Structures are given as structure tokens and as C-alpha cells.
Amino acid sequence: EPQYFYWHSRRKGGAVIDVDVSLKAIKLANRTILLATLLDITDRRRAELELRRAEQDISEQREQLAHVSRLSTMGEMAAGFAHEVNQPLTAINTYTQGLIRMMSNDNISCDDLKPILIKVSQQALRAGEIIRHLRDFVYKRDAGHEIVDCNQLVSDVVKLAEVEARQYDRQITVSLADSLPKLLVDPVQIKQVILNIVKNGLEAMEGAVAGLGVTVSTALDDIGEVRIYVEDCGPGFSEGDLLEIFNPFYTTKTNGMGMGLSISQSIIIAHGGDLIAENKELNGEIAGARFIIALPRAETDCQDYNSERVAVN
């Protein structure tokens with residue numbers, strides 16, 4: 001049978017080269033001869049290594065940029081989170097003051113104190129949960145893909161986004177599909193993308209009719225992709241916006257930087273998925289914006305998935 005080798009060889013002058021070697025047995029008249037083919041692939045190997053290093057540099061820069069973006073998002077939402085944490089702390093203070101007054105009564109029993117202590121504990125856990133979500137979201141660490149549940153990711157993000165929603169006096173409606181396949185993703189980065197889009201939707205509805213809000217839903221499409229839909233009831237996009245929306249520094253906001261959606265798209269593409277922006281229509285009229293986050297299921301190899309996607313396109 002034919003045999004193939006990769007050789008790390010050296011020229012007469014001492015230069016190291018990379019060689020692809022193939023050996024094949026060939027019938028020639030009544031003789032069997034060995035055909036050896038040697039192909040110098042030094043330049044190709046060098047180019048591959050340089051490409052690999054460049055990809056690593058790009059990945060590290062994307063990680064750094066994504067982290068800065070998360071810090072920026074939390075900075076914008078800081079007032080809301082401060083108010084959110086202050087509520088359980090105020091409740092704890094109120095309960096403990098009540099306990100102190102009750103303990104001055106000689107007839108107080110442990111059974112009387114227990115319900116109040118339980119409430120104190122619940123409020124402390126509530127404050128701790130808010131801080132934990134914040135810490136997990138902004139903590140900078142090496143990117144790592146994990147097998148995760150899509151619905152759980154969405155639920156975690158909604159807990160963060162509800163702080164912002166209360167600032168705008170809006171509601172976030174959630175509709176989660178059953179039995180979705182798992183995802184192989186960096187959970188913090190995917191949460192970052194969802195939160196950024198939900199936050200944009202809330203901001204887009206400033207001044208809109210009271211009672212309208214943002215809807216976040218999940219589904220499995222016909223080709224096996226897990227999809228996350230984020231829909232708002234704002235003004236939607238113009239044709240020009242849809243052409244430019246993911247370009248760096250393009251923004252429809254008065255004080256926007258124009259980097260959030262660009263970073264979000266690069267994150268989703270790096271996960272082998274798509275980020276799509278479109279208008280939501282009702283009775284032939286634009287009724288808001290819709291973002292679709294499409295991600296391959298965990299069982300799908302990202303490289304094969306992208307090859308199939310390119311072939312189809």
C-alpha cells in the first residue's frame with residue numbers, strides 16, 4: 001500500500017526544511033519499482049504557523065475587547081445595580097432594627113424571632129445573588145468553551161437585564177422552548193451578546209407607548225441550530241441601518257460608540273454561528289427590531305459546520 005511521511009530534514013548548507021514524502025509500488029513490465037516523491041513544503045508550513053499565530057493574536061485581542069465591553073456595560077448599568085442591591089440591604093436593616101426592639105421584651109420567644117431571621121437570611125441571599133451575577137459577568141479569565149443549557153443562559157441574562165428594564169419602566173417577557181440541545185460555548189461571552197442586545201432594545205423603546213417591552217425566546221430551527229430571538233417594540237431599522245448595523249463605530253444612538261454589535265457579531269461568528277438583525281413587522285408596518293442569535297448544537301463540530309454553511313451559501 002502507498003505510504004506517506006512528514007520529514008523534518010536539512011539541506012547541505014544546514015537550512016532546515018519540511019518535506020512531504022510519499023512511497024508507492026509501481027508495476028513496470030515484469031518489475032515492481034518503488035516511486036519516491038519528495039515535496040518541499042517549508043514555505044507552506046511557515047505560512048501555516050504564521051497564520052496560526054495571527055489567529056491566536058486576534059483571539060486574544062477579541063477577548064480583551066469583549067472584556068472591556070462588559071466593563072463598559074456594567075458601568076452604564078451601575079446606578080440600577082446600586083439601587084437593586086440597596087433594596088435587600090435596606091430590608092435587612094429594617095428587620096434587624098425590629099429584632100432589637102423585640103429582644104428588649106422579656107416575654108419574646110425563639111418562635112417569635114425565627115420568621116424575622118428567615119426574612120433577614122432571604123434578603124442577604126438576594127443581595128449575594130445580585131453580586132454573584134455581576135462578578136461572573138465582568139470577571140476576566142481565559143476563554144473556555146463549556147457544555148451549557150441555552151435556556152439557563154437566557155434566564156441568567158434576564159436577571160441582569162431586569163435591573164435595566166425597571167429603570168426604563170419596561171417588562172422583559174421570556175418564552176423558552178423545551179428540550180433544546182446543549183451548546184458548546186463560552187457562557188460569559190454569549191451572555192454578553194444577549195445582554196447587549198436586550199439593553200439596546202430597552203433603550204430603543206424610550207418614549208414608546210407604556211406597557212411595551214422586550215421579548216426573549218428560544219427555539220430549534222429546521223437545520224438543527226439553536227436560536228435566541230430578542231425582539232423590541234421600538235422604531236426598528238432603516239434600510240441603511242440594516243446594511244451598516246454590524247460595522248465598527250456605526251451607531252443609531254446619540255451617544256453610542258458603535259462597538260457593541262460589532263463585538264457581539266465577532267463573538268457569535270467565532271462560535272460558528274450567525275447574528276442577524278431584521279425588522280419585526282405587524283400588518284405590513286415596522287413594529288420593532290428583531291435580533292436572531294443562531295448557534296450550532298454541542299454535537300456539531302464547528303469546523304465541519306462552517307464548511308457546510310459555506311458550501312450551502
Side-chain angles (χ1 to χ4, degrees), residues 66-141 146 148-176 178 185-203 205-206 210-218 228 230 232:
H67 181 239
V68 171
S69 177
R70 287 199 297 277
L71 293 177
S72 175
T73 300
M74 290 298 100
E76 293 171 3
M77 299 172 67
F81 281 114
H83 176 72
E84 198 76 6
V85 174
N86 189 56
Q87 287 182 327
L89 294 180
T90 301
I92 290 171
N93 181 60
T94 302
Y95 289 138
T96 52
Q97 291 296 327
L99 281 171
I100 292 171
R101 288 194 297 270
M102 292 175 66
M103 291 173 69
S104 63
N105 186 344
D106 294 336
N107 296 325
I108 196 72
S109 67
C110 291
D111 290 338
D112 295 326
L113 298 178
K114 186 176 180 180
I116 301 177
L117 289 170
I118 290 174
K119 291 180 180 179
V120 170
S121 175
Q122 289 172 341
Q123 293 298 321
L125 290 173
R126 178 185 168 193
E129 189 72 5
I130 295 168
I131 294 170
R132 183 183 68 80
H133 281 298
L134 279 171
R135 184 192 62 219
D136 290 346
F137 187 74
V138 301
Y139 181 60
K140 188 178 187 300
R141 82 270 187 273
E146 303 172 16
V148 297
D149 180 79
C150 178
N151 288 343
Q152 186 61 54
L153 283 181
V154 170
S155 298
D156 289 345
V157 171
V158 168
K159 290 177 183 177
L160 287 173
E162 281 176 342
V163 176
E164 189 82 350
R166 281 190 281 272
Q167 295 291 103
Y168 287 95
D169 195 22
R170 300 290 178 185
Q171 295 290 327
I172 300 177
T173 304
V174 181
S175 177
L176 304 177
D178 295 327
V185 297
D186 181 327
V188 173
Q189 289 192 351
I190 302 302
K191 288 179 185 179
Q192 175 181 354
V193 172
I194 302 170
L195 179 62
N196 182 56
I197 296 172
V198 171
K199 186 172 178 294
N200 286 348
L202 293 169
E203 293 174 355
M205 289 190 297
E206 191 171 8
L212 298 178
V214 172
T215 300
V216 185
S217 58
T218 59
I228 304 168
V230 180
D232 64 53

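Worth saying up front: this structure is predicted, and the values here are computed from it rather than measured.
- Considering only residues two or more places apart in sequence or on other chains, Ser121 meets the side chain to side chain contact (heavy atoms under 4.5 Å, CB included) condition with Leu125.
- The minimum heavy-atom distance between Val120 and Tyr95, with the atom names listed, is CG2-CB, 3.4 Å.
- In terms of the side chain to side chain contact (heavy atoms under 4.5 Å, CB included) criterion, residue partners of Gln122 (sequence neighbours excluded) are, by chain and number, Ile118, Lys119.
- By the 4.5 Å heavy-atom criterion applied to side chains, Val148 and Ile190 are not counted as neighbours.
- For Val157, the side chain to side chain contact (heavy atoms under 4.5 Å, CB included) partners at least two apart in sequence or on another chain are Lys191, Ile194, Leu195.
- The CD atom of Gln189 sits 12.0 Å away from atom CG of Leu153, with the distance rounded to the nearest 0.5 Å.
- Taking a 6.0 Å sphere around CD of Glu206, one finds it holds 12 or fewer heavy atoms contributed by other residues, nucleotides or ligands.
- Residues satisfying the side-chain hydrogen bond (donor to acceptor under 3.5 Å, both in side chains) test with Thr218, not counting sequence neighbours, are Asn151.
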What verdict does the side chain to side chain contact (heavy atoms under 4.5 Å, CB included) test give for Ile197 and Ile228, after you've listed the backbone C-alpha separation in whole Å, the side-chain angles of each residue and the deciding distance to 0.1 Å?
CA-CA 11 Å; Ile197 296 172; Ile228 304 168; over 6 Å; no

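- Shown here are the side-chain hydrogen bond (donor to acceptor under 3.5 Å, both in side chains) partners of Gln152, two or more places apart in sequence or in another chain: Asp156.
- Note that the CZ atom of Arg170 and the CG atom of Leu202 stand 8.5 Å from one another [nearest 0.5 Å].
- Here the CG atom belonging to Leu99 is positioned 11.5 Å from the CD1 atom belonging to Ile92, to the nearest 0.5 angstrom.
- Residues Gly201 and Asp232 come closest through the heavy atom pair CA-OD2, 3.5 Å.
- Residues that satisfy the side chain to side chain contact (heavy atoms under 4.5 Å, CB included) test with Ser217, not counting sequence neighbours, are Ser175, Tyr229.
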